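Provided herewith is a single structure, encoded as structure tokens, for subsequent inquiry.
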Amino acid sequence: MTLKNDISWMIGGPQGTGVDSSATLFARAMSVAGYWVYGKREYHSNIKGEHSYFHLRVNTEPVRSIIDPVHLLATFEDSTASIHGHEIVADGALIYDPKVTKPEHLEIEKSVKLYPIEFDAIINQMAEETGQHPAKLAIVKNTIAVAASMALLGVSLDAMEGALKGLFTGRRAKLVDMNMSAAKKAYAAMEALGNLESFAYRMAAVTKMPEKNSRLVMNGAAACGLGKLKAGCRMQTYYSITPSVDECIFLENHPEFGALVVQLEDELAAVNMVNGSALTGMRASTATSGPGLSLMSEGIGWAGINEVPSVVFNYQRGGPSTGLPTRSEQAELLFAIHAGHGEFPRIVMAPGDQHECFEDGFYSFNYAERYQTPVIVLVDKALANCTQTIDRFDEESLVIDRGDIVKPDFEWPGENATPEDALKAIAKFKRFAEAESGISPRVLPGTIGKLFWMTGDEHDEYGHISEEPENRIMMHEKRFRKLDAALKGIPQDHQYKLIGPETADVTLVAWGSTKGAIEDALKVLEAKGIKANFLHIRLMHPFPTEAVTKILSRAKTIINIESNFTAQLAQLIKLRTGIDIPHVVLKYTGRPVSETEVVDAVLEVTQKKTGKVVLTCGH
Amino acid sequence: MTLKNDISWMIGGPQGTGVDSSATLFARAMSVAGYWVYGKREYHSNIKGEHSYFHLRVNTEPVRSIIDPVHLLATFEDSTASIHGHEIVADGALIYDPKVTKPEHLEIEKSVKLYPIEFDAIINQMAEETGQHPAKLAIVKNTIAVAASMALLGVSLDAMEGALKGLFTGRRAKLVDMNMSAAKKAYAAMEALGNLESFAYRMAAVTKMPEKNSRLVMNGAAACGLGKLKAGCRMQTYYSITPSVDECIFLENHPEFGALVVQLEDELAAVNMVNGSALTGMRASTATSGPGLSLMSEGIGWAGINEVPSVVFNYQRGGPSTGLPTRSEQAELLFAIHAGHGEFPRIVMAPGDQHECFEDGFYSFNYAERYQTPVIVLVDKALANCTQTIDRFDEESLVIDRGDIVKPDFEWPGENATPEDALKAIAKFKRFAEAESGISPRVLPGTIGKLFWMTGDEHDEYGHISEEPENRIMMHEKRFRKLDAALKGIPQDHQYKLIGPETADVTLVAWGSTKGAIEDALKVLEAKGIKANFLHIRLMHPFPTEAVTKILSRAKTIINIESNFTAQLAQLIKLRTGIDIPHVVLKYTGRPVSETEVVDAVLEVTQKKTGKVVLTCGH
Amino acid sequence: MATNVLTEKPMSLEEASTTLKMAPGLLKSSQLKSDVHPDWCPGCGDFGIVNAVQQAMAGLQIAPWETMFFTGVGCSGKSSHYINSYGCHTLHGRVLPYALGAKLSNPKLTVVAAGGDGDGLGIGMCHFVHAGRRNIDITYVIYNNEVYGLTKGQASPTLAFKSQPKSLPLPNINKPVNPLAMAIASGYTFVARSYAYDAKHLAATLQAAIAHKGMALVDVLQPCPTYNDIHTKEFYSTPVQTSSGELPRTYKLDEAGYDGRVQNPFDEAEVESKRLKAIERAYLKEERVGLGVYWQIEMATYGDLLKDNLPLLQEYTPINLPYYDPKTMKPTTDLTPGLEEFLI
Amino acid sequence: MATNVLTEKPMSLEEASTTLKMAPGLLKSSQLKSDVHPDWCPGCGDFGIVNAVQQAMAGLQIAPWETMFFTGVGCSGKSSHYINSYGCHTLHGRVLPYALGAKLSNPKLTVVAAGGDGDGLGIGMCHFVHAGRRNIDITYVIYNNEVYGLTKGQASPTLAFKSQPKSLPLPNINKPVNPLAMAIASGYTFVARSYAYDAKHLAATLQAAIAHKGMALVDVLQPCPTYNDIHTKEFYSTPVQTSSGELPRTYKLDEAGYDGRVQNPFDEAEVESKRLKAIERAYLKEERVGLGVYWQIEMATYGDLLKDNLPLLQEYTPINLPYYDPKTMKPTTDLTPGLEEFLI
Ligand SMILES: Cc1ncc(C[n+]2csc(CCOP(=O)(O)OP(=O)(O)O)c2C)c(N)n1
Ligand SMILES: Cc1ncc(C[n+]2csc(CCOP(=O)(O)OP(=O)(O)O)c2C)c(N)n1
Ligand code: SF4
Ligand code: SF4
Ligand SMILES: [Mg+2]
Ligand SMILES: [Mg+2]
């Protein structure tokens, strides 16, 4: 059998039985072995009991998405094989516990190889060796399934040890040995089954072993959180909601940065406290998901009219309403652009992968402060909860931009202060002064001699309420000019990226988390003789209309791909550029788009000129 | 002097001094005299003291908007003449109190006629006659200003008496005499000034006196309220906010209909209580304005996924945030269409005048129940607070449509019920059954033998939570099909109207309350040799794409007119039809668009091909 | 005489306002289980609560098709799907506006609202307090587990100061709210506490709450074995050492001689002293946990009061107010009183 | 040693946490009036309140440029524009999240929040209660006029049951909330009541509230001559017939022998009995109106507690936490502790 560079692995089980940890262990172990991993996590809105699974892909080169077929399904209980068995490809494999799973009852391909592992036997043996009660050892089932998988894939257990050492530190370091013992037994049990070499999906070794500590096995939520920390965000408010809460939990787990992570009574408090914090000069943000964004609409508008640099991360999940709370969707693009009554400028960004999560975590604050306007960053569950091996973040090139902040002109003289000093100290300042760029110099409360006011009402240059028509026109226009400034000032690669050749037969267009699947699909398409390139848009508002128009005008067949029902990006493109994209590929099951689906959809469109392809893969 | 068919009258004064009542009296008196009136009200976000004014137009034929020039400015205190004096046209007139206003200090046209009225003298005389204290009589100043105006316009005081009798009924009937006494003295005082006939803007009599009680002097808020009452809306929740609160106050003032008008703790309670009420089968609605709509986004989405016929009236005011709370704007079109996270069907309607307010008040419930989906009706402050003489509403043609409601199959047998009956009585029902039209038969809780469930989560046909991809696809598509059904089922004249000739040189496009000014302007433009027609769009979502495309495709010069900054209707048209309207006329001072402005803007566009005209008239 | 909107038959105001009571024994509590399998964690107190709700419904023999169970969002929020009555799983924090809107509209429905402590006392606190100001005849059940279960165990508003259950990375630095004191201060007319695993007491308490005419709160102590390792089932079943020896953790207020029921609601002195006693009891710092009725008073409901302001309601319930002719579908509302002020 | 973010000079934690006190007499209260003309109705109690705020500020001689006055939306909401300090007119019902966010971020600011009874106790009730759970060092002033002034006189949550001021078409059928009892129950550490036209008492009360370290509530009875014709200035100045003869409507709690201040916050018995007394006093049904401090207790503030959870705050205030080099603008945060778990 030739060794493979790319395999697809899945593990599943009831929520709360360690599916997650198994996947993390597998991902880290394979990464330690030098591979690159991408994994997606699927779970119900439930704490314990409902079926959940992790679908991972391992490659000798970087990968960013899953493929639908499963080469190796690892199970440690009965439900997963019956739910996912049919997804195993011909010549694929199933690892299972013969005590609970009867392959003859499963709906699987004939050619699938069966690897029974006596989980209980291994655990009992460990119990005997250690004197521990077998029930206490049940948690190593995950490790057994992972180790057995590694044996079958032909990857040495050394990598497992490295991974375990990374996972279990401090008080938990003693778990390394216990798990290694289980892993070794599982590995041996697999080898005892014999003929593993005949398995069709054994992994080739990586050609170049990456340097130690040069990479991360990372999820999107933590990548956003790290970007925020690097940016100096030290005030994160939240009201817990899936999946945004993962970012907050990550931040709460790191009190050493001194960041206040304040759990509040609701999302109204969360967004308005961010406004109250950001107006003092703190870099402040909140993270929420759909329902929370709805509740935050009003507060975001206040930041807009008061030119306060509040940052809101919205992790999209399946909607509408409570919807599919633990599934993914990209259905809040048009809402984010229009959220809040009345009209005000805002910046809407959407990272497409974990590096962009980190960057947007960082740059959202620069842009918020530079343009003195709220920034909404649209992440989604797929990106937040995926696991990926990536290169370390580039921290060197980062520069903080606090925008135009006015320093005090003088200091309080202290005890010798005269009444004149006092008067000077309470002089007022035109915080909202007319400005060609739309950006008025900003004063932070606490500054001597520059008093100003804020109000959600239309206001004059000092911030006092004004209903005068002339002032209204001036202020409204001034604020909106900031969008022009932003479009000029935000670097091109933060606005969009054209991936692949300059000219192509097919141009794929997308935003946010579908980036990975499409990027991966480009290579497959190329191999299939389709010359495609990919426009990934990242700055959703203000919209890079000119650039997008230019790129799409010269495109031949344009295909828009996104995870929603109403093709929101296609709508936005039509609205901004007038270009009516003739082919849309949509998915609204709450499950992320795979490389396989992108390839198939592009083939369908190019062959049949289909106007709308609806994707349905994934349980 | 030739008599005029159309004059423009203004009265002003500090908030709380009776400007409103003066204007109502004048409007009613002129209407009693057979004229047609349109008036707009301007006031600050303030209870007492800030300047407010009412600008009215009187015509021998129906009018729907104001013109900017003022022919007659009536004042009873000092501020109004100095603020508005310059708006009086050449040969216009100023009525004033010489004790407080010195015309020589005013910035007015030389040719303006000055009519000093000794308000105090009249009041003192009344005090003598009645023995009342002059301070108690100060309130008749309004009546004096109105009566003096009528004298100058050449309209008999009989109309005033009729108007007063309409205004003061019951306990307050005795006020009629007091006010008539003041009116007569004012009328006499004006006549004593002599030569009133020489005034350039005396009114011609109406040619055909309309039948008594055939017309209404009405505002938009009450028109909406009356429509709701006729529809059977008996549950109106609210959290008070300008200007929507006027509708609620109107309803509260009419307990005789039995409608529950429930003032709640916030807009979250308001919208969700409407959902809770509407799901039982009540016709329930709420009224709010901008900030309230932001807070209601989440609740509207719940109604969307649960197919509950909740009706939300949103009275737009100047935004963003608290904005210009007592001024008008049309800046929540795109927000209303996209409000709420995730995707769900909704109907968005926008009445253009008071008849349409009444109709939408009525039909919004029919559409909500027929399509089982939330309906948002976008009114605005201009429409809510304008005063207009209109024909009585057509109540005869109205028919209630409750949609597809399932009746119980059997009755509870009472005392003889068996356990089998009990089981039948708790049988469950597929409330959300798959349906080609998207509309599943609806059960009202309380129905025997048809239990179902509701949830904001994606759900199965019984309403139980389901995260299954196939079910999701079915439900999401089913719900969205209702939009197609609505577009087919809502009659054309509730979708849009093409006013004026089928073909024209200029096609004006607008939505909502600018309708009146544009309709009025058509005639003026015609007189100026410009053949224009007017597409007024009323169903904003789902959008009548086909019809609009057809009309606009054959249009020559298209001009889009609206009261906002970002040309939201033009955006929507581009998004839906691909047509990029080359000329936009925008106003964002919070003051409504006048006939004069429309005429001038159209002239400017036709002459100079201006891409964007920004309107600024009105204090 | 109102007309039943569904059957179009005439019905008295009494009929239109009261849920049908079935003959005793016609429905067993087991039949009030829906066919949806609860997906709570093993050992979750929520099982006990839903069981008790079903028992209370069966005990009262209220018609399930005239009963509507509303829930907020959280683990607790799923309860409505497990009960065989009309069920409505609303939005996080908004269960009360839904429940109150339904009850006001159709008083014939027996309305029970339920939800988590985060749902009701966190994000829902504004409605919690204001619901007390309107004595609408519903029952509100709070699943008090001191955590946000469904979002993985963050502190709920009832979690004690400085407490750190296993799901928290750092100790809680917020002071807890006291749901009983809050409810009494807000005007609830029935305020009780029970415990998820005291099946008998809980069912009886719920039955009393549903039977009570007015806004009733039942605060149910609910172990969450997954995230709250402090107030576990074991905690509640561990006896307490007291001066009078070892006693069970929970005790019944009435057995302890406490009676929170106002005898004469028109006796202001009694009302005020009982209210204060109830608040004192709610704040009582003791190792044992008192279950039972902390406060109850009979007062006019919001529905009663509405009749003074809206005379038509003396004849019809809101949902039965006639507004169209079911034969012709023509609206029947005569707008004259509303048009008068505008007519010319 | 923190650095002043504005001047980039080093400052101690003490300096970074306390508003500068100026030399006595440097600023007169008249200089704390901004040049915006208040547009309240003649005779509105709001004039008195803003005056008293200015007097309290002058009395304390806190630096106006280190003071921020936050308001909600309503007639009362305009107050921030009339005061010469940093001013922030927030959203209806949301003044507390703003004020708390600012104070948590920059403890050097003296933060006062103010707003209407509708703003704070209606739409803002959720924040009102939860603010009590975190003892953050700000002062919250409620303008209690029993109506929604700016939207034309609808009932506010403090309007009495069955009351019908001239602005209401029908009597109020909601029971009122008691702001004092609510605040005490929610955990506020200073709870007082004053009256808009008792300039001296109000200024002194505000001064005490601002000086108090922790979450302070001042409920100010505020006549609204335009809409509330029941509790007018005349009402408050009309003497009351009592058994001890004719007495002024308002009286001072301390003169009546009531002391709501907890002497020893660690004495649980004292705390509980004082708390109960305070609630009792808050509910007291009497014709006279008691002004003064109902309840006060000194406790660790949220800021203090945060230091246990976030050790860096023992050295820096949040806004002074260093995260970049002002010369190069390079971020200085070392992400290592956050990256560790992901490194391969
Ligand atoms: C507006 C909104 N914010 C946040 C959430 C996320 N959310 C779901 S359940 C929950 C809390 C659950 O806690 P609790 O109400 O105590 O119920 P429990 O799960 O403990 O029964 C939250 C915050 C949501 N669904 N909606
Ligand atoms: C979200 C929202 N809802 C409603 C309003 C309208 N509104 C403005 S002021 C006000 C109430 C004012 O009453 P109160 O808070 O008591 O202040 P007062 O005017 O009496 O000082 C309301 C409801 C608003 N601005 N925002
Ligand atoms: S997390 Fe807690 S509350 Fe939720 S189901 Fe599990 S045990 Fe019950
Ligand atoms: S309405 Fe009342 S509260 Fe508002 S300014 Fe006038 S008197 Fe004051
Ligand atoms: Mg809970
Ligand atoms: Mg008020």
Side-chain angles (χ1 to χ4, degrees), chain A residues 44-45 268 289-291 293-295 297-298 301-302 304-306 314 316 318-327 329 331-332 334-335 337-344 455-458 465 467 469-470 472-473 476-477 480 564-566 571 574-575 578 580 588-591 614 616 618-619, chain B residues 44-45 268 289-291 293-295 297-298 301-302 304-306 314 316 318-327 329 331-332 334-335 337-344 455-458 465 467 469-470 472-473 476-477 480 564-566 571 574-575 578 580 588-591 614 616 618-619:
Chain A
H44 281 71
S45 177
L268 303 165
S289 294
L293 186 63
S294 285
L295 294 173
S297 315
E298 191 198 18
W302 191 92
I305 198 170
N306 282 291
N314 179 54
Q316 300 163 96
S321 197
T322 313
L324 294 165
T326 57
R327 313 290 176 177
E329 202 169 66
E332 279 143 21
L334 294 176
F335 179 44
I337 292 174
H338 297 112
H341 58 284
E343 297 165 303
F344 59 93
T455 172
D457 286 71
E458 189 56 273
I465 301 172
E467 303 195 17
E470 303 72 35
R472 159 66 165 190
I473 293 174
H476 216 33
E477 294 181 349
F480 269 99
N564 59 47
F565 185 82
T566 61
Q571 287 191 56
K574 183 168 175 189
L575 173 56
D580 208 338
Y588 37 87
T589 58
R591 277 64 172 179
V614 176
T616 62
H619 182 78
Chain B
H44 280 72
S45 176
L268 303 166
S289 295
L293 186 63
S294 285
L295 293 174
S297 315
E298 192 199 16
W302 191 92
I305 198 169
N306 282 292
N314 180 54
Q316 299 162 98
S321 197
T322 313
L324 295 164
T326 58
R327 312 290 175 176
E329 202 169 67
E332 280 145 21
L334 294 177
F335 179 44
I337 292 174
H338 297 111
H341 58 283
E343 297 165 302
F344 59 93
T455 171
D457 286 71
E458 189 56 275
I465 301 171
E467 304 195 18
E470 303 72 37
R472 159 65 166 191
I473 292 175
H476 216 32
E477 294 180 350
F480 269 99
N564 59 47
F565 185 83
T566 60
Q571 285 191 57
K574 183 166 173 190
L575 174 56
D580 208 339
Y588 37 87
T589 60
R591 278 63 172 179
V614 176
T616 62
H619 181 79

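None of the values given here were measured: they were computed from a predicted structure. Here is how names work: the chains are called A, B, and so on, in the same order as the sequence lines, proteins then strands, and each is numbered from 1.
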- Counting heavy-atom pairs under 4.5 angstrom with chain A, the leader among B/His619, B/His476, B/Gln316 is B/His476

- Message: Less than 4.5 Å to any heavy atom of chain A: does that hold for the side chain of B/Asp457, its backbone, both, or neither?
- Response: both

- Within the side chain of B/His341, is there an N or O that forms a donor-acceptor pair under 3.5 Å with the backbone of A/Ser321? yes

- Checked A/Lys574, A/Glu343, A/Arg472, A/Glu470 vs chain B; the most non-hydrogen pairs under 4.5 Å come from A/Glu343

- Would you give the length of the straight line joining atom CZ of A/Arg591 to atom OG1 of A/Thr616, rounded to the nearest 0.5 angstrom? 11.0 Å

- Specify which of A/Phe565, A/Phe480, A/Phe344 makes the most heavy-atom pairs with chain B at under 4.5 Å. A/Phe565

- Query: Non-hydrogen atoms of chain A under 4.5 Å away: do they reach the side chain of B/Ile473, the backbone, both or neither?
  - Reply: both

- What's the spacing between B/Leu334 CG and B/Thr566 OG1 if we round to 0.5 Å? 6.5 Å

- Message: For the interface with chain A, which of B/His44, B/Glu458, B/Glu329, B/Glu467 has the highest count of heavy-atom pairs at distances below 4.5 Å?
- Response: B/Glu467

- A/Asn306, part contacting chain B, at a heavy-atom distance under 4.5 Å: neither

- Query: B/Leu295, B/Ile305, B/Leu575: which one forms the most heavy-atom pairs within less than 4.5 Å of chain A?
  - Reply: B/Leu575

- Would you mind checking which part of B/Asn314 comes under 4.5 Å of any heavy atom in chain A, side chain (CB onward), backbone (N, CA, C, O), both or neither? neither

- Heavy-atom distance under 4.5 Å between the side chains of B/Trp302 and A/Pro320, does that happen here? no

- Check B/Asn564 against B/Tyr588 and note the closest heavy-atom contact, atom names and distance. O-CD2, 3.5 Å

- Query: Does any non-hydrogen side-chain atom of B/Leu268 lie less than 4.5 Å from one of A/Leu268?
  - Reply: yes

- Sort out for me which of B/Gly618, B/Gly590, B/Gly340 touches chain A most, counting heavy-atom pairs under 4.5 Å. B/Gly340

- Item | Rounded distance [0.5 Å steps], OG in A/Ser45 versus CD1 in B/Ile465 | 7.0 Å

- Query: Of the non-hydrogen atoms in B/Phe335 and B/Ser297, which two are nearest, and what is the gap between them?
  - Reply: CZ-OG, 3.8 Å

- Look at B/Ser289, B/Gly290, B/Pro291 and state which one has the largest set of heavy-atom pairs under 4.5 Å with chain A. B/Pro291

- Message: Under 4.5 Å from any heavy atom of chain B, what part of A/Thr326 do you find: side chain, backbone, both or neither?
- Response: side chain

- Residue among A/Gly323, A/Ala339, A/Gly301 with most heavy-atom pairs under 4.5 Å to chain B: A/Gly323

- Side chain, backbone, both or neither: which part of B/Gln571 has an atom under 4.5 Å from a heavy atom of chain A? both

